[in-house]
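Single-structure report; data block below.
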Amino acid sequence: MPQINRREFLTSMAAGTSAMTAVKKSRAATSSPSQGPAGRAAGLADPAFRPLPLGAVKPRGWLLRQLRIQAAGLSGHLDEFWPDVGQSKWFGGQAEGWERAPYWLDGFIPLAFLLDDAGLKAKAAKYVEYIVAHQRPDGWYGPYPEDAVAKRYDMWAILLADKMLVQYHDATGDERVLRAVEKSLRAILSGLDKTPLYDWGRYRWFEGLIPAFYVYEKTRESWLLDLARKLRSQGFDYPAFYAAEDVTVPTPRRGLWKWGKHVVNTGMAAKAAALSWRLGRSEADRAFAVKMIEILDRHHGQATGIFTGDECLAGKNPVQGTELCAVVEFLYSLEHLVSVFGDPLFGDRLEKVAFNALPATFSPDMWAHQYDQQANQIQCTINPDHMWTTNGPESNLYGLEPNYGCCTANMHQGWPKFAAHLWMTTPDGGIAAVAYAPSEAKWMSRGTPAAVSVETDYPFRETIHITVRTERPVRFPLVLRVPAWAEGATLKIAREEEKKLKPGTFHRLEREFRGVVEVNLRFPMKGRVAPRYNEAAAVERGPLVFALKIGESWTRVNADKPHRELPHGDFEVRATTPWNYGLLLDETDPAASLSFEERPVGDKPFSPEGAGVVARVKAKKIPTWRPAHGWAGEIAPGPYETREPEETVELIPYGCTNIRVTEFPRLRQASPASKADA
Ligand SMILES: [Zn+2]
């Protein structure tokens with residue numbers, strides 16, 4: 001459907017903010033060859049861009065280092081000491097037999113195949129084979145009770161397991177795995193009549209569409225789409241919920257836990273409209289995908305492009321937390337959204353969350369993670385007097401399973417799925433860069449083997465070097481996302497004239513590619529200042545958000561708790577340098593107050609010392625910025641007054657910090673007249 005790529009996306013973004021804004025699209029035609037008579041949808045609508053098979057995109061450069069850190073940390077070893085995975089009922093053990101083992105494999109499988117690591121792949125094969133070999137003749141997997149169909153049984157973990165297993169088939173082509181998923185989906189279809197979706201399954205119904213669509217595209221059996229429609233009809237109605245007021249109201253401290261405002265359900269549900277659109281091509285689905293994120297931004301948005309939820313939606317206050325599960329699920333949702341709708345703003349958001357909120361919530365070695373991260377996170381300590389809505393006192397510790405073990409099991413999908421979705425194919429034989437990081441991708445263009453490789457230190461640098469290789473001359477489009485913030489973006493090929501690119505679009509470079517073609521992109525990264533909650537200010541450059549670099553002291557805690565042997569212990573983190581700064585920003589041109597220095601990207605790209613770029617800005621301490629409501633870093637409406645001397649402070653990328661201030665209070669500036677008096 002070439003009209004998808006001819007679309008012009010006109011975006012308007014409020015100056016300096018990252019809010020997902022209204023997208024006006026001029027579409028050529030609404031019908032497509034796959035649409036049946038009288039506009040009635042038949043089959044499954046094609047996505048704008050199609051993800052490549054798992055393993056076709058490979059990480060390089062800093063991204064490869066990051067995935068290796070992940071494999072050497074908790075992700076590669078969790079099954080070796082954590083009973084809820086290693087001795088899971090899914091693998092014949094006696095520990096938890098619900099979501100934890102499938103969660104872990106859902107990230108571990110793509111990690112193994114992206115790294116093409118024989119040891120990790122053998123481990124994945126061992127566990128997947130156990131699950132498939134122990135599937136019952138009626139289609140239910142091992143951990144499910146014999147009476148699962150007759151009694152009420154929450155379908156969630158089985159939807160998750162099938163979603164996980166199709167990734168393994170995608171990477172290996174193992175037919176037994178495809179047949180197992182098909183059998184499981186048949187069991188779900190008949191099971192749904194006896195036990196309709198409820199609880200987790202009801203709020204996560206759309207997860208079942210992922211394996212159903214996957215098997216449908218292999219077999220074209222229409223009952224799979226019946227299953228998808230049945231899941232949708234029994235599932236929670238998110239558009240109706242977002243049309244009412246409750247979702248806009250922050251959950252009060254010690255407030256009521258609600259399914260519809262549960263932050264992980266929210267991160268997952270962001271893709272429901274994209275999956276639903278493929279079933280019915282409803283314009284309402286397309287519109288809701290954008291509207292849902294707008295509502296989340298307006299009422300719960302954070303500087304990093306994520307929303308709060310600790311663990312229900314918690315408003316814009318930068319001391320509220322965001323659960324790690326919500327971060328990785330929102331990323332996966334954005335990968336679906338950009339794939340199905342081809343809207344570049346979803347790619348912008350994908351990068352923003354992946355480069356900021358994702359890395360920040362891990363220790364740099366990826367052995368420890370938080371349950372909740374905060375934009376203004378002055379300390380991470382066991383704190384009974386905390387700000388969370390329904391979470392417990394250990395929620396922002398760095399550790400093995402702070403607060404609850406879901407993130408321990410589910411965190412692994414973040415980086416690998418992001419890496420696997422950097423490149424996607426177009427319907428006309430081309431390839432699209434939906435997000436940028438050092439990588440390689442291989443695909444077949446009209447029967448000709450083709451490859452792209454990306455050399456870059458983006459997002460720490462503004463230049464991206466892409467090499468396109470084809471075995472024979474072949475004509476196809478190279479589709480390049482131009483970020484909405486990239487004013488002055490350019491494209492240059494060898495001796496050809498430099499081309500200006502329009503921010504907030506997909507640029508389509510269509511030509512006959514022969515041999516090796518070098519494409520150079522430049523996305524100028526000017527500093528920006530985003531207005532935040534209670535008149536605070538956040539500093540951005542390109543897709544990166546910046547936060548105050550604070551000296552850290554790490555203290556081991558919970559050493560006597562089970563499974564906390566090092567290197568997978570629990571830690572408190574406290575500040576050893578002042579954090580109570582307000583920024584001195586030029587009110588008329590705030591970006592002019594910022595200066596940036598590029599540094600080598602470290603072995604650990606997301607660590608305080610590995611920061612590939614730093615910002616400097618004038619600031620003053622605010623002695624009166626004291627903890628409010630018992631939680632340091634909370635901001636009252638400004639401007640703040642201070643007589644402290646002017647200092648220059650260093651900011652580093654949010655993802656490089658472990659404790660931080662991201663949303664800075666506004667300082668009352670001396671007027672030009674009073675400056676002259678002094
Ligand atoms: Zn979680």
Side-chain angles (χ1 to χ4, degrees), residues 302-304 308 310 316-322 356-357 359-361 363-364 370 372-383 385-388 395-398 529-530 532-540 544-555 571-585 593-594 606-609 611 614-668:
Q302 295 290 284
T304 54
T308 60
D310 50 21
K316 296 185 80 168
N317 190 332
V319 302
Q320 295 303 142
T322 300
N356 297 286
T361 200
S363 60
Q370 299 175 289
D372 287 333
Q373 69 173 293
Q374 302 154 282
N376 282 7
Q377 183 169 281
I378 305 311
Q379 62 180 34
C380 304
T381 52
I382 300 170
N383 190 349
D385 184 27
H386 55 76
M387 277 295 292
W388 320 126
S395 294
N396 76 353
L397 288 193
Y398 285 87
V529 174
R532 301 298 316 168
Y533 176 78
N534 275 352
E535 301 167 40
V539 172
E540 301 182 14
L544 294 178
V545 177
F546 283 73
L548 184 70
K549 186 178 183 181
I550 302 175
E552 309 169 349
S553 152
W554 289 61
T555 311
F571 298 90
E572 291 186 328
V573 189
R574 288 178 177 78
T576 59
T577 55
W579 54 265
N580 52 331
Y581 287 100
L583 302 186
L584 288 166
L585 297 168
S593 313
L594 309 168
F606 293 100
S607 59
E609 56 284 352
V614 301
R616 287 196 187 79
V617 57
K618 296 224 167 14
K620 286 184 177 180
K621 284 198 193 84
I622 308 174
T624 54
W625 183 12
R626 295 218 176 84
H629 311 295
W631 200 267
E634 192 166 11
I635 295 175
Y640 283 73
E641 305 272 0
T642 179
R643 292 173 176 279
E644 295 289 311
E646 192 175 297
E647 298 176 50
T648 298
V649 295
E650 192 173 289
L651 315 184
I652 57 175
Y654 180 100
C656 297
T657 60
N658 300 302
I659 49 173
R660 65 188 79 90
V661 171
T662 310
E663 304 198 3
F664 292 90
R666 212 171 121 228
L667 283 179
R668 187 181 300 285

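When a residue number appears, it is its place in the shown sequence, counting from 1.
In this model, a donor atom of one side chain and an acceptor atom of the other lie less than 3.5 Å apart for Asp310 and Gln320.
Here the closest non-hydrogen pair linking Pro623 and Glu644 is CG-OE2, 3.5 Å. Of all heavy-atom pairs between Lys621 and Thr642, the closest is O-OG1, 2.6 Å. Pairing each heavy atom of Ile635 with each of Tyr533, the nearest pair is O-CE2, 4.1 Å. Nearest heavy atoms, Lys618 versus Thr648: NZ-OG1, 4.1 Å. Nearest approach of Glu540 to Ala530, heavy atoms of both residues: OE2-CB, 3.5 Å. Across all non-hydrogen atoms, the minimal contact from Ala547 to Arg660 is CB-CB, 3.8 Å.
The CZ atom of Phe606 lies 8.0 Å from the CG atom of Asn356; values are rounded to the nearest 0.5 Å. Atom-to-atom distance recorded for Leu548:CG and Leu583:CG is 8.5 Å, nearest 0.5 angstrom. Atom-to-atom distance recorded for Tyr654:OH and Thr361:OG1 is 7.5 Å, nearest 0.5 angstrom.
Put simply, the side chain of Ser553 never gets that close to the backbone of Thr576: no donor and acceptor are under 3.5 Å apart. Using a distance-only test at 3.5 Å, with no hydrogens or angles considered, a donor-acceptor pair links the side chain of Gln302 to the main chain of Lys316. Between the Asn534 side chain and the Ala536 main chain, no donor and acceptor come within less than 3.5 Å of each other. In terms of modelled atom types and a separation under 3.5 Å, the side chain of Asn396 and the main chain of Asp372 share no donor-acceptor contact. Formation of a donor-acceptor pair under 3.5 Å by the Glu572 side chain with backbone atoms of Ile382 is found in this model. Panel note: side chain Tyr398, backbone Asn658; a donor-acceptor pair is recorded below 3.5 Å. The backbone N or O of Pro665 sits nowhere less than 3.5 Å from a side-chain atom of Arg532 that would complete a donor-acceptor pair.
Ring-plane geometry between Tyr640 and Trp625 is classed as tilted, the angle between the planes lying from 30 to 60 degrees on a 0 to 90 degree scale.
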**Report entry** Phe664/Leu651 under side chain to side chain contact (heavy atoms under 4.5 Å, CB included): CA gap, chis, key distance, verdict
**Finding:** CA-CA 11 Å; Phe664 292 90; Leu651 315 184; 3.8 Å; yes

**Report entry** Residue pair Thr381, Arg574: steps toward the side chain to side chain contact (heavy atoms under 4.5 Å, CB included) verdict
**Finding:** CA-CA 8 Å; Thr381 52; Arg574 288 178 177 78; 3.5 Å; yes

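Counting heavy atoms from C-beta on, the side chains of Thr657 and Thr662 never come closer than 4.5 Å. Two residues are said to be in side-chain contact when any heavy atoms from C-beta on lie closer than 4.5 Å; Ile659 and Cys380 meet this criterion. Leu667 is listed as a side-chain neighbour of Leu584, based on a closest heavy-atom distance under 4.5 Å. Side-chain atoms of Met387 and Gln374, non-hydrogen and from C-beta on, never get closer than 4.5 Å to each other. Side-chain contact between Trp579 and Asn376 is absent, with no heavy atoms from C-beta onward closer than 4.5 Å. For the pair Val529 and Leu585, the minimum side-chain heavy-atom distance is below 4.5 Å.
Ion pair Glu646/Lys620 not flagged as a salt bridge, since none of the NZ, NE, NH1 or NH2 atoms sits closer than 4.0 Å to an Asp/Glu carboxylate oxygen.
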